[in-house]
S.K.: 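Below is the structure I would like to discuss, written out as structure tokens.
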Amino acid sequence: MRMIFIGPPGAGKGTQAARLVDHFKIPHISTGDMFRAAVQAGTPMGVEADRYMKAGRLVPDEVVIGMVRERLAAPDTAPGFMLDGFPRTRPQAEALAEALAADGRALDAVLLLEVPDALIVERIVGRRTDPETGAIYHLTFSPPPAAVAARLIHRKDDTEEAVRARLDAYHNQTAPVVPFYEGVGLLRRVNGVGDPDGVTAAIRAALA
Ligand code: ADP
Ligand code: ADP
């Protein structure tokens with residue numbers, strides 16, 4: 001199963017992707033997670049990406065595309081993959097199509113997780129992640145157990161100001177990817193509003 005997850009920041013892509021990759025036994029490839037790991041490791045790519053991420057702006061296409069191409073060449077992608085947060089621009093979508101076609105692979109589905117802007121800021125500002133397990137929590141909607149509370153991370157781009165910039169980037173730069181996939185019949189729209197179990201059920205139905 002070769003899948004892509006598209007949706008605004010905070011739509012629940014990471015939360016749902018974690019469940020899907022368990023089910024399909026495929027790697028979860030999150031470009032945001034890859035950039036955060038590069039920032040943490042202090043690599044030259046991490047240093048460059050950090051400038052954009054802090055401001056809620058997209059990292060330049062050539063940087064992202066190179067990183068994803070390399071990742072998709074790894075043998076663990078043979079049974080498929082779940083791309084989360086990529087492609088985020090039309091050139092990224094075109095580069096992905098080319099890279100896959102070059103090794104005779106094709107996408108099976110593109111999931112678009114739809115959540116209105118009005119709900120996004122609250123989801124993002126309350127998000128906390130566990131650096132040890134990768135688990136995603138929300139202070140109100142998915143409260144963390146007391147035992148892990150002290151080690152949780154609040155991402156520095158999960159502020160109201162940065163999320164507004166990320167929403168602008170989503171509407172201006174990522175939204176044009178939707179007609180690209182609609183045109184080739186791969187797009188599946190899923191309502192991302194409601195409790196996470198309900199969203200998981202809607203995704204399963206969309207993939208069936
Ligand atoms: P994305 O990967 O799309 O940015 P996340 O999966 O990290 O989104 O979710 C963003 C925040 O919203 C997290 O704090 C998460 O716990 C919370 N969240 C995820 N799904 C839902 C949902 N269906 N309802 C309410 N909150 C949710
Ligand atoms: P969220 O789902 O909460 O918006 P991500 O973790 O997917 O956040 O991405 C965090 C940041 O990493 C983005 O705001 C952007 O700066 C950078 N980034 C991640 N994926 C891409 C991409 N495909 N193209 C450009 N920048 C990206």
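Order of appearance sets the numbers: ligands from 1, and atoms from 1 within every ligand. A quick note: this is a predicted structure, and the numbers were derived from the prediction, not measured.
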S.K.: Can you list the ligand 2 atoms lying under 4.0 Å from a non-hydrogen atom of Val64?
M.R.: 22 (C), 23 (N), 24 (N), 25 (C)
S.K.: Any heavy-atom pair between the side chains of Arg166 and Ile120 that's under 4.5 Å?
M.R.: no
S.K.: Do we see a donor-acceptor contact under 3.5 Å between the side chains of His28 and Asp33?
M.R.: no
S.K.: For atom 4 (O) of ligand 1, which candidate among Ser30, Gly10, Gly14 provides the closest heavy atom?
M.R.: Gly10
S.K.: Could you tell me whether Val59 and ligand 2 have an N or O pair separated by under 3.5 Å?
M.R.: yes
S.K.: Relative to atom 23 (N) of ligand 1, which among Ala135, Gly126, Gly194 owns the nearest non-hydrogen atom?
M.R.: Gly194
S.K.: Are the side chains of Pro60 and Glu48 in touch, meaning some heavy atoms are under 4.5 Å apart?
M.R.: yes
S.K.: Have a look at Met53, Arg166, Arg51 and point out the one with the heavy atom closest to atom 1 (P) of ligand 2.
M.R.: Arg166
S.K.: Have a look at Tyr137, Phe5, Phe141 and point out the one with the heavy atom closest to atom 16 (O) of ligand 1.
M.R.: Tyr137
S.K.: Please report whether ligand 1 has a polar contact with Ile124, defined as an N or O pair separated by less than 3.5 Å (distance criterion only).
M.R.: no
S.K.: The test is salt bridge (Lys or Arg N to Asp or Glu O under 4.0 Å); show your working for Asp168 and Arg57 and say whether it passes.
M.R.: CA-CA 9 Å; Asp168 280 348; Arg57 294 173 52 209; over 6 Å; no
S.K.: With side chains defined as the heavy atoms from C-beta onward, is the minimum distance between Leu96 and Leu72 less than 4.5 Å?
M.R.: yes
S.K.: Provide the number and element of each atom of ligand 2 under 4.0 Å from a heavy atom of Arg36.
M.R.: 6 (O), 10 (C)
S.K.: Any chain of hydrophobic side-chain contacts (each under 4.5 Å) joining Met34 to Ile26?
M.R.: no
S.K.: Does a side-chain heavy-atom distance below 4.5 Å link Arg36 with Met53?
M.R.: yes
S.K.: Go through ligand 2 atom by atom and flag the ones less than 4.0 Å from a non-hydrogen atom of Arg57.
M.R.: 15 (C), 16 (O)
S.K.: In the protein, which heavy atom is nearest to atom 8 (O) of ligand 1, and how far is it?
M.R.: Gly12 N, 3.1 Å
S.K.: Does any N/O atom on Thr15 come nearer than 3.5 Å to any N/O atom on ligand 1?
M.R.: yes
S.K.: Knowing that exactly one of Arg127, Arg128, Lys54, Arg123 qualifies, which makes a salt bridge (Lys or Arg N to Asp or Glu O under 4.0 Å) with Asp158?
M.R.: Arg127
S.K.: Measuring from atom 7 (O) of ligand 2, which candidate in Gln92, Arg88, Lys13 has the nearest non-hydrogen atom?
M.R.: Arg88
S.K.: Using heavy atoms and a threshold below 4.0 Å, how should the contact between Gln173 and ligand 2 be classified: side chain, backbone, both, or neither?
M.R.: neither
S.K.: Under 4.0 Å from any heavy atom of Thr31, which atoms of ligand 2 are there?
M.R.: 19 (C), 20 (N), 21 (C), 23 (N)
S.K.: Can you check which of Arg123, Arg127, His138 brings a heavy atom nearest to atom 20 (N) of ligand 1?
M.R.: Arg123
S.K.: Do Val115 and Val125 share a hydrophobic cluster (ILVMFWY, side-chain heavy atoms under 4.5 Å, transitive)?
M.R.: yes
S.K.: Geometry only, no angles: is Val199 polar-contacting ligand 1 at N/O separations under 3.5 Å?
M.R.: no
S.K.: Once you round to the nearest 0.5 Å, how far does CG of Leu58 lie from CG of Asn172?
M.R.: 10.0 Å
S.K.: Mind checking whether Thr31 and Arg88 have side chains closer than 4.5 Å, heavy atoms only?
M.R.: yes
S.K.: Polar contacts were defined as any N/O atom of the residue lying under 3.5 Å from an N/O atom of the ligand; does this apply to Pro9 and ligand 2?
M.R.: no
S.K.: Could you list the atoms of ligand 1 found under 4.0 angstrom from a heavy atom of Ile136?
M.R.: 6 (O), 7 (O), 13 (C), 15 (C), 16 (O)
